[in-house]
2 protein chains.
Amino acid sequence: MLRQLPPASVHAIFADPPYNLQLKGSLHRPDNSLVDAVDDEWDRFTDFAAYDAFTREWLSECRRVLRRDGTIWVIGAYHNVFRLGTQLQDLGFWVLNDVIWRKANPMPNFRGRRFTNAHETLIWAARGPESRHRFNYQAMKSLNDDVQMRSDWYIPLCTGHERLRGEDGRKLHPTQKPEALLQRVILSCTAPGDVILDPFLGSGTTAAVARKLGRHFIGIERETVYATAAHQRAMSITPLSEEAVAVAPSKKEQPRLPFGTLVENGMVPPGTALTDRQRRWRAIVGADGSLTCGRARGSIHKVGSEVQEAPSCNGWVFWHVELPGGALRVLDSYRAEVLAAAK
Amino acid sequence: MLRQLPPASVHAIFADPPYNLQLKGSLHRPDNSLVDAVDDEWDRFTDFAAYDAFTREWLSECRRVLRRDGTIWVIGAYHNVFRLGTQLQDLGFWVLNDVIWRKANPMPNFRGRRFTNAHETLIWAARGPESRHRFNYQAMKSLNDDVQMRSDWYIPLCTGHERLRGEDGRKLHPTQKPEALLQRVILSCTAPGDVILDPFLGSGTTAAVARKLGRHFIGIERETVYATAAHQRAMSITPLSEEAVAVAPSKKEQPRLPFGTLVENGMVPPGTALTDRQRRWRAIVGADGSLTCGRARGSIHKVGSEVQEAPSCNGWVFWHVELPGGALRVLDSYRAEVLAAAK
DNA sequence: TGGGAGTATGAATCTCCGG
DNA sequence: GCCGGAGATTCATACTCCC
């Protein structure tokens, strides 16, 4: 199915591939005799090799269909996630983060032989090291009480009403992912109208959340019973309103306003003296929007960095106008005023 | 050095290999200060193949020197941990858990292009699938206020007085690990008297904590300056008493902040003597957060009830620390202090 | 001595657009 | 594809300094 998709056609991929189950089973033969795996390196190599080959095949196709600015998410546990990560890197993907889904309510360890396996790992990767990927930084920050979103996410398992069940009342799919997890994934790296691909759709959480958030989706699923349920599930979703699904705009996405415009329209007339917050330097605004401070001359940013001897400087927040009475007003507030009026 | 060790001779291995960070250029904070990056020669590899070959070589030797019932811990980040995990599996190790070190105070992401990289990953593996490994289940449970220890650990970075510094006052080693991390690792899978190997000793945290907890250790370090400092550091450690380092069986109770956390972070260090308000009993704090008072051993609550021959006891308000000068401070006030600071 | 303000720093794969 | 310039971007903790 993946091979039928055109190259560079999807904005984001979420993949929840099968775990390496044959490896778990390889400990015992059908007659329950124990396989001496330690001395049987060839056999165990072929097990991993089969999983690696499978992984490599679908990941290669994913890379082909991914846009150059697109990103991929892959989820796994310690049985398979190291194989996934290694293959991602070997295929040229560029890992951006590994993200930990900390389960609020994991299954306990019944035998008391290990730590409670209370998390799964997601790998987030760009198509390559030069890719300019989308990351909705402000949206993620807003979601987290206005501090940067960390790489560890605390989210409950999918239970209760959200869990799809068959007619017999039993869970339809063994590893249905919670919608909260997919919502954060999709909000972090896509925009409304983007196309999201899930090559292992399963119970259809990716499709449901994509539709809810106004993203397009492509889902691939081999098992008919899952595919049918996922399709029904996605179609039953009512998409949210446009304003509800928009991502918080970053400053970079706001329209550019050259400083010269403020000079031209008289908000900061030529000849105005600018100073920094501590009033250490004083610069004069030129009619062309340039700044002069001693021998330093150029844009508000360039002069700011030169006087401070700093590698860079955002002149909008560095320079201030001294108002009558002596109070300081930062340049950025003039810009905000103009941008607000333009709406 | 590893090749000189006899086979099947160590009970546990902790390995903190170079991460292969692949940093390019420099990074400035928003305040224009320069981030002190890990650019040391020992972290430079030409490509993944070179890193994999290096990894395979030292891991093979580790497997040879590890006892059949021994386990290995390997720590890494997304740059290298997938390579580590894959090589571990390919060499026949049997992964028991991947454990997440959630950093209380990670470095932020300054450019807003990714999630804050707020964790590192430890892989815990047995020598093979048939190994009968040691896991001190009750000790880990005690440390976590009598609920199973999960696979995500919340521990602060190594800063302040714990951080080794050179004569110039700068950090001696770029990646010194916190003692609280090693303490949990060592308590989870070894017994007093066991031999612990660290093939990348660095600043010597493994050696220091092993000695403190009454375990033997072997450390290997290539850089003379690190090796010298690590040796001095380990030798300056006073081992805890036998009863403080023994691993305990226990059960019961569950406040929100485990007493073990106060032990780990040094507010109530192992070996501390606790007493009740009337100073009728005296109990010693174990490194796993258990308490010993005569033959009574277990959580602060259990020991409190046993010595009083009472059906139950809230250890938080029963036990006190005797301060220099003789005043008593109730345990609950330490908990309150931590909880208040966490707000 | 205590508190407030300011500064330093931690395993970091850390920009984007237009000419 | 290269280059120059605009301008966006930080959290928790510990320590220093000064009043």
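Chain letters run A, B, ... following the sequence lines, proteins first, then strands; residues in each count from 1. For clarity, every value in this text was computed on a predicted model and none was experimentally measured.
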- Query: Hey, does the side chain of Thr86(B) reach the backbone of Phe82(A) with a donor-acceptor pair shorter than 3.5 angstrom?
  - Reply: yes

- Classify the glycosidic conformation of dT15(C) as syn or anti, calling it syn when the angle lies within 90° of 0. anti

- Task: For nucleotides dA12(D) and dT13(C), find the distance between their C1' atoms and express it as a whole number of Å.
- Result: 23 Å

- Task: Could you list the residues that satisfy side chain to side chain donor-acceptor pair (under 3.5 Å) with Ser333(A), not counting sequence neighbours?
- Result: Arg329(A)

- Test item: side-chain donor near acceptor, Thr116(B) and Gln148(A), under 3.5 Å: yes

- Selection from dA11(C), dG7(D), dT13(C) that lies nearest to any side-chain heavy atom of Asp43(B): dA11(C)

- Taking side chain as C-beta onward, heavy atoms only, is Arg295(A) less than 4.5 Å from Glu306(A)? no

- Between dG7(D) and dG10(C), how far apart are the P atoms? Round to whole Å, please. 32 Å

With 3.5 Å as the limit, what N/O pairs link the protein to nucleotides 16-19 of chain C?
from: dC16(C); atom 1: OP1; to: Arg113(B); atom 2: NE; distance (Å): 3.3
from: dC16(C); atom 1: OP1; to: Arg113(B); atom 2: NH2; distance (Å): 2.9

- Across all chains, not counting sequence neighbours, the ring pair (Phe, Tyr, Trp, His ring centres under 6.0 Å) partners of Phe115(B) are Trp124(A), Phe135(A), Trp153(A)

- Task: Check every strand shown and say whether Glu130(A) touches a base, only sugar-phosphate, or nothing at a heavy-atom separation below 4.0 Å.
- Result: nothing

- Message: By the 4.0 Å heavy-atom rule, please label Val317(A) as base, sugar-phosphate, or nothing.
- Response: nothing

- Query: Under 4.0 angstrom, heavy atoms only, what part of the nucleic acid is Gln148(A) near: base, sugar-phosphate, or nothing?
  - Reply: sugar-phosphate

Identify the pairs formed between an N or O of the protein and an N or O of nucleotides 14-16 of chain D at a distance under 3.5 Å, and give each distance.
none

- Message: Any base atoms under 4.0 Å from Thr175(B), or only sugar-phosphate, or nothing? Heavy atoms, all strands.
- Response: base

- Note on the structure: Considering only heavy side-chain atoms of Arg29(B), the closest of dT9(C), dA11(C), dT13(C) is dT9(C)

- Message: Looking only at the side chain of Trp316(A) (C-beta and beyond, no hydrogens), which of the listed nucleotides dG10(C), dT10(D), dA8(D) gets closest?
- Response: dA8(D)

- Pairs touching residues 156-169 of chain B that satisfy salt bridge (charged side-chain N to carboxylate O under 4.0 Å, His left out), sequence neighbours left out: none

- Note on the structure: Between Arg150(A) and His28(B), the residue closer to the 5' end of DNA chain D by nearest nucleotide is His28(B)

- Give DNA chain C the dot-bracket treatment, 5' to 3': Watson-Crick (N1-N3 with N6-O4 or O6-N4) or G-U (N1-O2, O6-N3) under 3.5 Å, [ ] crossing, | other strand. .|||||||||....|||||

- Query: Once the angle between the rings of Phe45(B) and Phe54(B) is folded into 0 to 90°, is it parallel (under 30°), tilted (30 to 60°) or perpendicular (over 60°)?
  - Reply: tilted

- Per-pair stack call Phe110(B) and dC14(C), 5.5 Å, 30°: no

- Query: Can you check the Leu27(B) CG to dT9(D) C1' distance for me, whole Å?
  - Reply: 10 Å

- Query: Looking at the side chain of Gln89(A), which of dT13(C), dG10(C), dA8(D) is the nearest nucleotide?
  - Reply: dT13(C)

- Message: With nearest nucleotide decided by heavy atoms, which residue, Arg335(A) or Val147(A), maps closer to the 5′ end of DNA chain D?
- Response: Arg335(A)

- Message: For a quick check of understanding: with a heavy-atom distance under 4.0 Å over all strands, which category does Lys141(A) fall into, base, sugar-phosphate or nothing?
- Response: sugar-phosphate

- Item | Options dT10(D), dG7(D), dA12(C), nucleotide nearest the side-chain atoms of Arg111(B) | dG7(D)

